[in-house]
Amino acid sequence: MVGAFLSTLGAGLQSLTGAPRLLQAIAKDDLIPFLKPLAPSYRGEPFRALILTLLITWSGILLGNIEYLTPIVTM
């Protein structure tokens, strides 16, 4: 059980560090034009792409837990 938890945690952290770098690389290569603002880096880190990844992640978490955000009305 502990191994499965740590493996899942490691995969999640790897995705959170890899996704912004991938977005930045796509933006730098100008493959998708509307991602161009994500190309600059701050001290070598893809800060803008990291913020976008964070917002997408939070949106997915909130949408996955929407029933906890709305009050349950029973009659």
Side-chain angles (χ1 to χ4, degrees):
M1 185 68 96
V2 173
F5 175 75
L6 291 177
S7 177
T8 304
L9 181 65
L13 289 174
Q14 183 180 6
S15 295
L16 284 177
T17 57
R21 294 184 189 281
L22 181 62
L23 274 174
Q24 184 185 33
I26 291 171
K28 279 185 180 179
D29 291 343
D30 204 17
L31 295 175
I32 303 174
F34 66 85
L35 291 179
K36 193 67 175 167
L38 301 176
S41 62
Y42 177 73
R43 295 184 183 177
E45 294 297 323
F47 184 73
R48 292 179 183 176
L50 180 63
I51 297 298
L52 178 63
T53 305
L54 186 67
L55 291 174
I56 291 170
T57 304
W58 279 348
S59 299
I61 290 170
L62 288 176
L63 286 174
N65 295 320
I66 196 74
E67 67 268 4
Y68 295 114
L69 297 176
T70 57
I72 299 172
V73 179
T74 58
M75 291 187 188

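These numbers were taken from a predicted model, which means no experiment stands behind them. Here, residue 1 is the first one in the sequence, and each next residue gets the next number.
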same_hphob_cluster([X], [Y]) at 4.5 Å side-chain heavy-atom cutoff:
X: L23; Y: L31; value: yes
X: I26; Y: L38; value: yes
X: F47; Y: L55; value: yes
X: I56; Y: I32; value: yes

Query raised in the report: Hey, does the side chain of R48 reach the backbone of P40 with a donor-acceptor pair shorter than 3.5 angstrom?
Result: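 No: the side chain of R48 does not pair with the backbone of P40.
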Query raised in the report: Looking at side-chain heavy atoms only, is the closest gap between K28 and K36 below 4.5 Å?
Result: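 They are not in side-chain contact.
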Query raised in the report: What's the spacing between T17 OG1 and L22 CG if we round to 0.5 Å?
Result: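 T17 OG1 to L22 CG: 11.5 Å, rounded to 0.5 Å.
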**Report entry** Separation between CZ of R21 and CG of L50, rounded to the nearest 0.5 Å
**Finding:**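 One finds 9.5 Å between CZ of R21 and CG of L50.
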For the student: nearest non-hydrogen atoms of [X] and [Y], plus distance:
X: P20; Y: A49; value: O-CB, 3.3 Å
X: A27; Y: L35; value: CB-O, 3.0 Å
X: S41; Y: Q24; value: CB-NE2, 3.0 Å

